[in-house]
Q: 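I have a structure here, written as structure tokens, and I will follow up with some questions on it.
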Amino acid sequence: MLITLEGLDGSGKTTVWEALHDVYPDATFTREPTDSWYGEAVARSMGDPEADPLAELFLYTADHANHLSETVRPALSDGDLVIADRYSDSRFAYQGATLARADAGIERPVEYVRGIHAAFSRPPDATIYLDLDPKTAAERAGRTDKFERDGYLAAVRDNYERLIDADPGRFHRVDATRAPEDVVARVEEVVADLVER
Ligand SMILES: Nc1ncnc2c1ncn2[C@@H]1O[C@H](COP(=O)(O)OP(=O)(O)O)[C@@H](O)[C@H]1O
Ligand SMILES: Cc1cn([C@H]2C[C@H](O)[C@@H](COP(=O)(O)OP(=O)(O)O)O2)c(=O)[nH]c1=O
């Protein structure tokens, strides 16, 4: 089973992902961007304010393709529980927002990015969405990269909401404004339900 954690920067994904290690020591824990050289290329692009938004989309997507073949598909074939800190929905929401803003000539950017993935990706079985307002998210994240600005994050959040509306059965919304221990406890409940199903 593939479970992904999604949400704005600073929503607490990494905090939750780390807490889940203790509960599921045999699971495969992974993340995007990965620490492969594809992920390093992504990091370079993120650090470049002039990066071309379409080129950046394809760097993230290349990292995803490699993540699938190197980590996600082999672990799923072994019957592992896979828990990923960010996955394809991050591309749909973030690059959807970046492409809309860049006026790259793509009319429906979220659908465009989804379409690119449809041919090769492996959709998550379930996605936990850590729901947080953009202002708090940007504050918690410390606005350390070019994405972590509340205006941009508001557009990303709108895209996440559209993705949830389109696939409500897959998403599990968790209120990320609460104290870390409450958020962790709620996510652990959701994951336990999913695994027991
Ligand atoms: N529920 C929470 N309430 C307040 N602060 C939090 C909460 N969850 C995480 N944080 C803090 O916010 C920052 C970002 O958390 P992190 O887990 O790295 O989020 P993400 O991986 O989604 O960017 C960290 O400093 C973390 O300690
Ligand atoms: C995986 C992925 C991440 N991102 C962005 C979201 C983050 O701003 C940044 C780095 O991701 P990450 O390291 O997960 O940041 P955080 O822990 O703060 O959420 O990359 C995309 O824009 N598209 C993607 O496909």
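Both counts, for ligands and for their atoms, begin at 1 and track the order of listing.
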Q: Which one holds for Ala179 and ligand 1: side chain close, backbone close, both close, or neither close, with close meaning a heavy atom under 4.0 Å?
A: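 Backbone only.
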Q: May I ask you to decide if Ala93's main-chain N or O and Asn159's side chain share a donor-acceptor pair within less than 3.5 Å?
A: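 Confirmed, Asn159 side chain pairs with Ala93 backbone.
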Q: Looking only at non-hydrogen atoms, which of Glu32, Arg86, Arg31 approaches atom 13 (O) of ligand 2 most closely?
A: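 It is Arg31 whose heavy atom sits nearest to atom 13 (O) of ligand 2.
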Q: Any protein heavy atom sitting closer than 4.0 Å to atom 25 (O) of ligand 1?
A: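 So far as the 4.0 Å threshold goes, atom 25 (O) of ligand 1 is out of reach of every protein heavy atom.
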Q: Under a 4.0 angstrom heavy-atom cut-off, which atoms of ligand 2 come close to Lys13?
A: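 Near Lys13, the atoms of ligand 2 are 19 (O).
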Q: Has the side chain of Asp125 got a donor or acceptor atom that lies under 3.5 Å from a matching backbone atom of Leu2?
A: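 A pair under 3.5 Å: yes.
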Q: Could you tell me whether ligand 1 has any atom less than 4.0 Å away from a heavy atom of Ser11?
A: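 Yes.
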Q: Using modelled atom types and a 3.5 Å cut-off, is there a donor and acceptor pairing between side-chain atoms of Tyr152 and backbone atoms of Tyr94?
A: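 Between the backbone of Tyr94 and the side chain of Tyr152 there is a qualifying donor-acceptor contact (under 3.5 Å).
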Q: Nearest to atom 11 (C) of ligand 1, what protein heavy atom do you find, and at what distance?
A: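 So the nearest neighbour among protein heavy atoms is Arg140 CD, 4.2 Å.
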Q: Can Arg157 and Asp133 be counted as an ion pair, charged N to O under 4.0 angstrom?
A: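 Salt bridge between Arg157 and Asp133, a charged N being under 4.0 Å from a carboxylate O: no.
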Q: Closest heavy-atom contact between Ala19 and Val184?
A: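 Minimum heavy-atom separation between Ala19 and Val184: CB-CG1, 3.6 Å.
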Q: Do Asp167 and Arg170 sit within salt-bridge range, that is, some charged N less than 4.0 Å from a carboxylate O?
A: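 Between Arg170 and Asp167 there is a salt bridge, with a charged N closer than 4.0 Å to a carboxylate O.
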Q: Give me the nearest non-hydrogen protein atom to atom 1 (N) of ligand 1 as residue plus atom name, then the distance to 0.1 Å.
A: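 Nearest neighbour among protein heavy atoms for atom 1 (N) of ligand 1, to 0.1 Å: Arg178 O, 2.8 Å.
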Q: Given the rule in the ring pair (Phe, Tyr, Trp, His ring centres under 6.0 Å) test, do His21 and Tyr24 qualify, once you have shown the distances and angles that lead to the verdict?
A: CA-CA 5 Å; His21 280 68; Tyr24 299 98; over 10 Å; no
Q: Please check whether Asp85 reaches ligand 1 - meaning an N/O of the residue sits under 3.5 Å from an N/O of the ligand, judged on distance alone.
A: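 The answer is no, given that Asp85 and ligand 1 share no N or O pair closer than 3.5 Å.
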Q: Suppose we measure from atom 22 (O) of ligand 1 to each protein heavy atom; which comes out shortest, and what is that distance?
A: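 Nearest neighbour among protein heavy atoms for atom 22 (O) of ligand 1, to 0.1 Å: Lys13 NZ, 2.6 Å.
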Q: For Asp9 and ligand 1, does the shortest N/O to N/O distance drop below 3.5 Å?
A: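 No, there is no polar N/O contact under 3.5 Å.
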Q: With atom 20 (O) of ligand 2 as the reference point, say which of Tyr94, Tyr60, Tyr87, Trp17 has the nearest heavy atom.
A: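 Heavy atom nearest to atom 20 (O) of ligand 2 belongs to Tyr60.
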Q: Among all the protein's non-hydrogen atoms, which is closest to atom 19 (O) of ligand 1, and how far away is it?
A: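 Going atom by atom, the protein heavy atom closest to atom 19 (O) of ligand 1 ends up being Gly12 N, 3.1 Å.
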Q: With the threshold set at under 4.0 angstrom, would you say His64 reaches ligand 2 through any of its heavy atoms?
A: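 Contact check His64 vs ligand 2: negative.
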Q: Measure Leu8 to ligand 1 on non-hydrogen atoms and call it side chain, backbone, both or neither using the 4.0 Å cut-off.
A: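 Backbone only.
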Q: Any idea which protein heavy atom is nearest atom 23 (O) of ligand 1, and the distance to it?
A: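 Heavy-atom neighbour on the protein nearest atom 23 (O) of ligand 1: Gly10 N, 2.8 Å.
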Q: Under 4.0 Å from any heavy atom of Gln95, which atoms of ligand 2 are there?
A: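 Contacts of ligand 2 toward Gln95, numbered from 1: 21 (C), 22 (O), 23 (N), 24 (C), 25 (O).
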Q: Around atom 21 (O) of ligand 1, find the nearest protein heavy atom and jot down its residue, atom name and distance.
A: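 Of the protein heavy atoms, Thr14 OG1, 2.5 Å lies nearest.
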Q: If only atom types and distance count, is the side chain of Gln95 paired as donor or acceptor with the main-chain N or O of Pro53 below 3.5 Å?
A: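 Such a contact is absent between Gln95 side chain and Pro53 backbone.
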Q: Any salt bridge linking Arg44 with Glu40? Criterion: basic side-chain nitrogen under 4.0 Å from a carboxylate oxygen.
A: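 Salt bridge: no.
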Q: Distance under 4.0 Å to a non-hydrogen atom of Thr15: what atoms of ligand 1 satisfy this?
A: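 Per the distance check, 9 (C), 15 (O), 16 (P), 17 (O).
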Q: Is atom 13 (C) of ligand 1 less than 4.0 angstrom from some protein heavy atom?
A: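 Protein heavy atom within 4.0 Å of atom 13 (C) of ligand 1: present.
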Q: For the pair Ser121 (side chain) and Ala118 (backbone), establish whether a donor and an acceptor sit closer than 3.5 Å, ignoring hydrogens and angles.
A: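 No, Ser121 side chain to Ala118 backbone: no donor-acceptor pair under 3.5 Å.
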Q: Any Lys/Arg nitrogen of Arg114 or Glu111 sitting under 4.0 Å from an Asp/Glu carboxylate oxygen of the other?
A: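 Result for this pair is no, no salt bridge flagged.
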Q: Running the 4.5 Å side-chain criterion over Ile, Leu, Val, Met, Phe, Trp and Tyr, what cluster does Trp37 land in, apart from itself?
A: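 Traced through the cluster, Trp37 reaches Tyr38.
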